[in-house]
Amino acid sequence: MVERDKVLGALPVVAGFCERLDIRGIIDRACPIRDVALVTHGRVIEALIANRLTSPQPLVHVEDWAERWAVEEVFGVAPSLLNDDRIGRALDAIAPHLEGIVGSIGAQAISAFGLDVSRLHWDMTSISLRGAYDTPDEDFAQPSYGHPKDRRPDLKQIQTGLAVTGDGGVPILHGAYDGNAGEVNQVVAAMESLRTMCGERSFLLIGDTKLVSFDNLRQIMAAGVTFIAPASKNYISAEVLAACDLDAATPVDYVAQRDVGAAAADRGSYRVLEDRWTMPPPKRTKHSGLELRRVFVWSSANAGAAAKARTKKLARARDDLDGLTRGLGGRHYPTVEKVQARLTTIAAKRRVGDYLNTTVAVDTTGKPTLQWNFDQAALDAEAATDGWYCLLTNLDPDNVEAGEILTRYKGQEVVERRYGNFKGPLAVAPVFLKNNRRIEALLTVICLALLIFCLVEREARRAIAPETKIARLGGYRDARPTGANLFNALAELRLVPATANAPPIIPAPTGLQARILDLLDVDPITTR
């Protein structure tokens, strides 16, 4: 290692993709600064994006990171200008303009990278926060208690939504929402933003059960947008699922990602049925019902998992009930009231209340007695629904058959995978900023980093097609390119900055690093 070199890593890749997305230009046009300023907000935000992608630590000591890394050479930002105060002012500056910035960058991504936006996946998640945030800015997402995905109900949260393309899983839209906001209420606004971003392009919107409400679907259909989403039990009852005839269902030629390497006999199988259904309007409204297709899906994997889970919970409930029976009249269960309280706990904890029948009485000595059994008819009724769920859609049956509905819906896992990237390698944890204005702006920084992370993955895969793997990308083995292993492969690149007598050089890049840069069409020496 040369004594005066700096860490280069994937900074040239980040800078190149920032330039193609025009991130600095879009931000600087939205948030201009005085002529005397030493650095624009756009340059600061680009540096923060690079920080998320190359050294994702809690958002402190960014100035020290920039000193060690070739940030000044690549992004044109002196490390001293990335102090906490300047970063805070940049976050404050972009916060009021986030909707326009996000929309413009998303539209640029579609145009510059030729993204296919005919299928888009939408979902929301929660971000837990440290700090009280007792006086939040009312113009931005409100931290509050809710139903956190990380099961930390003791912490306040902000929610965020992502819309990602079926083409490469690229997040072209994101938004921040109040911590206690209902997910179902955010769908229409997201759909309208996507319509604006996609322009004249039509798209299929795919979501989870939170997408389904009468008003959401009515507005989606009125906008000329097609959708696929699973129906919750509020719309499709267990009785309807139990009535599905497996023998009449059509097999679907679909292999789940988890089964790709398995023998044919060991793979999960899928079958579908479909019918037409009119979703009734809410009471006291003048709207007509919505004419929809119901595609009933049976999954052997889901059926097996449901049966196994039921067997396990019944066994555990049986052990608890046997223990209660042995303890009747003893120190812990001396009265009918104590026995009833324990039965209530067992039914709730083991989730067997729908088919647990009990009779509690008192014998001649005053000792509580208990008779119990599991209602076989109720168990059989539940078992009849094993493996079945229902997808709702307005896609034309003449153009898209039921099996294709399932295949398209299964792409929904891509947005869940991107949330894994969002909360894993790119996240700021813990999130503890001065105010919710900066929190919302920081979420945009992370989501823009995620956008580049996913575009890098997509571009590498497109560049090697029809091959699917890059030699030795997984260390000693060939591997399919992912955002994570591409950035890891470039992490050890170094840069010897230019001097008055010598140009900048990259000492000893590996063949793999050179290959990746070539695939991504990035010149590592070019500075901004």
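Because the structure is predicted, anything quoted here is derived from the model rather than measured. In what follows, every heavy atom counts, from backbone to side chain, and hydrogens, waters and symmetry copies are set aside.
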Is a donor on one side and an acceptor on the other found under 3.5 Å between the side chain of [X] and the backbone of [Y]?
| X | Y | result |
| --- | --- | --- |
| Arg52 | Ile446 | no |
| Asp259 | Ala256 | no |
| Arg458 | Gly169 | no |
| Gln142 | Asp137 | yes |

Problem - Selection residues 221-232 - residue pairs positive for side chain to side chain donor-acceptor pair (under 3.5 Å), sequence neighbours left out - result: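 Checked against side chain to side chain donor-acceptor pair (under 3.5 Å) - neighbours excluded - no pair reaches residues 221-232.
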
On a heavy-atom basis, which atom in [X] and which in [Y] lie closest, and how many Å separate them?
| X | Y | value |
| --- | --- | --- |
| Pro96 | Ala93 | CD-O, 3.3 Å |
| Leu273 | Cys244 | CD1-CB, 4.0 Å |
| Leu120 | Cys198 | CD1-SG, 4.2 Å |
| Val272 | Ala402 | CG2-CB, 3.9 Å |

Within the 4.5 Å heavy-atom criterion, are [X] and [Y] side-chain neighbours or not?
| X | Y | value |
| --- | --- | --- |
| Pro251 | Ser269 | no |
| Ile470 | Asp478 | no |
| Trp65 | Val71 | yes |

Distance, nearest 0.5 Å, that separates [atom1] of [X] from [atom2] of [Y]:
| X | Y | atom1 | atom2 | answer |
| --- | --- | --- | --- | --- |
| Leu455 | Arg462 | CG | CZ | 10.5 Å |
| Asp275 | Phe296 | CG | CZ | 5.0 Å |
| Arg418 | Glu457 | CZ | CD | 4.5 Å |
| Ile27 | Arg43 | CD1 | CZ | 12.0 Å |
| Leu473 | Leu486 | CG | CG | 5.5 Å |
| Asn185 | Asp178 | CG | CG | 11.0 Å |

Handout entry: Ring centres under 6.0 angstrom apart (Phe113, Phe17)
Key =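 So the answer is yes for these two rings.
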
Problem - Ion pair Arg195/Glu192, N-O distance below 4.0 Å - result: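 Looking at Glu192 together with Arg195, the answer is yes, because their closest N to O distance falls below 4.0 Å.
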
Exercise for the section: Answer yes when Arg218 and Asp215 have at least one side-chain N-carboxylate O distance shorter than 4.0 Å, and no when they do not. Expected result: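 Yes, charged N to carboxylate O under 4.0 Å.
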
Practice task
Could you tell me how the ring of Phe453 sits relative to the ring of Phe487: parallel (under 30°), tilted (30 to 60°) or perpendicular (over 60°)?
Solution key: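 Plane angle under 30°, so parallel.
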
Practice task
Please state whether the rings of Tyr419 and Phe422 are parallel, tilted or perpendicular, taking 30° and 60° as the class boundaries.
Solution key: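 Plane angle over 60°, so perpendicular.
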
Problem - Of Ile236, Leu211, Leu391, Val297, the residue whose pairing with Pro230 passes side-chain contact (heavy atoms from CB on, under 4.5 Å) - result: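 Of the listed residues Ile236, Leu211, Leu391, Val297, the side-chain contact (heavy atoms from CB on, under 4.5 Å) partner of Pro230 is Leu391.
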
